[in-house]
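A short write-up of the structure that comes next.
It should be emphasised that the depicted structure is a prediction, and the values quoted were computed from it without experimental measurement.
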Amino acid sequence: MSVSLNEKKFFLQWCLKNLRFSRQEIYWLLNYLCEHPMLLENIHFVEGARFCSRGLTVEEKNVNLPIYLVLDNKEFTDSTQIFHEIRFHWKKPLFMEIKFTNAWTVPEYVGVLEDNPENSWNENLDPEISKKVNESLEKIAQEDNVNLLKKQIDQALEKGEEEKFISLSEQLKILMKQ
């Protein structure tokens, strides 16, 4: 999934209007990104940016460390240094995480979120949770198949299609035993 420049810019503008950061430099940086589409092209909004070889994290609620950049496992917290790194290396991909309360309920955030290639969420899933999710999906799929077969059986009855009715009923019996 590719996120458009307009979507990224709209999200950053939403952040500027709705989030309260503890440092003015964060507002300046977000505005700067909005105004430079060539730079914004290489910004990827992810979770877990601290695990990236070039990841920027901005936090709304963190007063002590509201902005930090990770470059090859080294952390930088000086906003001037961070700004210059971004400005001078604008052609390099930058993985950016903006942390704020209830982020997953904000469509603007979810709309720009990409999978972190250096810390993919599905690689960190607990095997037990993954098993439960798969079982739930299988159960839902089976319920959908049962409902579809019942609907087709009703249609066959209404149309007087006896052979189709018998065939579908047999399929339903087999499916219900699983």
Please check this pair: side chain of Gln142 against backbone of Leu175, looking for a donor-acceptor N/O pair closer than 3.5 Å. yes
Does Leu39 reach the side chain of Leu94, with side-chain heavy atoms less than 4.5 Å apart? no
Distance-only donor-acceptor check, side chains Ser4 and Glu7, under 3.5 Å: yes
Checking the side chain of Lys61 only, and the main-chain atoms of Thr101 only, is there a donor and an acceptor separated by less than 3.5 Å? no
Would you find a donor on one side and an acceptor on the other, under 3.5 Å apart, between the side chain of Glu118 and the backbone of Ser53? yes
Hey, are Arg23 and Glu25 close enough for a salt bridge, meaning a charged N less than 4.0 Å from a carboxylate O? yes
Near Gln24 CD, under 6.0 Å, is it more than 12 heavy atoms from other residues, nucleotides or ligands? yes
Non-hydrogen atoms of Lys8 and Glu114 that approach each other most closely: CE-OE2, 4.5 Å
So if you build clusters from Ile, Leu, Val, Met, Phe, Trp, Tyr with side-chain heavy-atom gaps below 4.5 Å, do Val110 and Ile43 land together? yes
Looking at Glu75 and Arg50, does any basic side-chain N land under 4.0 Å from a carboxylate oxygen? no
Asn147 atom CG: more than 12 heavy-atom contacts under 6.0 Å: yes
Phe76 ring center near Tyr68 ring center (under 6.0 Å): no
Any donor-acceptor N/O pair, Asn102 side chain to Thr105 backbone, under 3.5 Å: no
Rounded to the nearest 0.5 Å, what's the gap from CD on Glu85 to CD1 on Ile82? Could you check? 9.5 Å
More than 12 heavy atoms of other residues, nucleotides or ligands under 6.0 Å from CD of Glu162: is that the case? no
pair His84-Arg87: side-chain heavy atoms closer than 4.5 Å: yes
Interatomic spacing from CG in Leu30 to CE in Met96 - rounded to 0.5 Å: 5.0 Å
Indicate yes or no for a side-chain donor-acceptor contact from Ser169 to the backbone of Phe165 under 3.5 Å, with no hydrogens or angles considered. yes
Report the C-alpha distance between Ile67 and Thr57 in whole Å, list the side-chain angles of each, state the deciding distance to 0.1 Å, and finish with yes or no for side-chain contact (heavy atoms from CB on, under 4.5 Å). CA-CA 6 Å; Ile67 182 170; Thr57 301; over 6 Å; no
Do any N or O atoms from the side chain of Glu97 and from the backbone of Glu47 form a donor-acceptor pair under 3.5 angstrom? no
Point-to-point distance, once rounded to the nearest 0.5 Å, from CD of Gln171 to CD1 of Ile153: 8.5 Å
Quick check against the 3.5 Å criterion: does Arg54 have a side-chain atom that pairs as donor or acceptor with the backbone of Val70? no
Side chains of Ser79 and Trp28 in contact at under 4.5 Å (non-hydrogen atoms): no
Answer yes if Phe88 and Leu40 sit in the same cluster of Ile, Leu, Val, Met, Phe, Trp and Tyr residues linked by side chain heavy atoms under 4.5 Å apart, and no otherwise. no
Over 12 non-hydrogen atoms of neighbours within 6.0 angstrom of NZ in Lys9: no
Once you round to the nearest 0.5 Å, how far does CG of Leu149 lie from CG of Asp144? 11.0 Å
Does Tyr27 reach the main-chain N or O of Phe21 with its side chain, forming a donor-acceptor pair under 3.5 Å? yes
Just do the side-chain contact (heavy atoms from CB on, under 4.5 Å) check on Glu60 and Lys99 with the steps written out, would you? CA-CA 6 Å; Glu60 178 185 32; Lys99 293 183 174 184; over 6 Å; no
Do Met38 and His36 have side-chain heavy atoms sitting under 4.5 Å apart? no
Any chain of hydrophobic side-chain contacts (each under 4.5 Å) joining Leu65 to Leu56? no
Starting at CG of Leu172, measure out to OG of Ser167 and round the result to the nearest 0.5 Å. 11.0 Å
Using 0.5 Å steps for rounding, measure from the NZ atom of Lys164 to the CG atom of Leu157. 11.5 Å
Take Tyr32 and Phe83, measure what ring pair (Phe, Tyr, Trp, His ring centres under 6.0 Å) needs, and give me the verdict at the end. CA-CA 9 Å; Tyr32 181 79; Phe83 173 75; 4.8 Å; yes
Do you reckon Val58 sits in the same ILVMFWY cluster as Val3, going by side-chain contacts under 4.5 Å, direct or chained? yes
Identify the heavy atoms of Leu12 and Cys34 that sit nearest to each other, and give their distance. CB-SG, 3.4 Å
Nearest heavy-atom approach of Asn42 to Trp90 is ND2-O, 3.1 Å
Give me the ring orientation class for Phe100 and Tyr109: parallel if the planes are under 30° apart, tilted from 30 to 60°, perpendicular past 60°. perpendicular
Within one Ile-Leu-Val-Met-Phe-Trp-Tyr cluster: Leu33 and Leu69, side-chain cutoff 4.5 Å: yes
Output yes when a side-chain donor or acceptor of Asn116 lies under 3.5 Å from a complementary backbone atom of Gly48, and no otherwise. yes
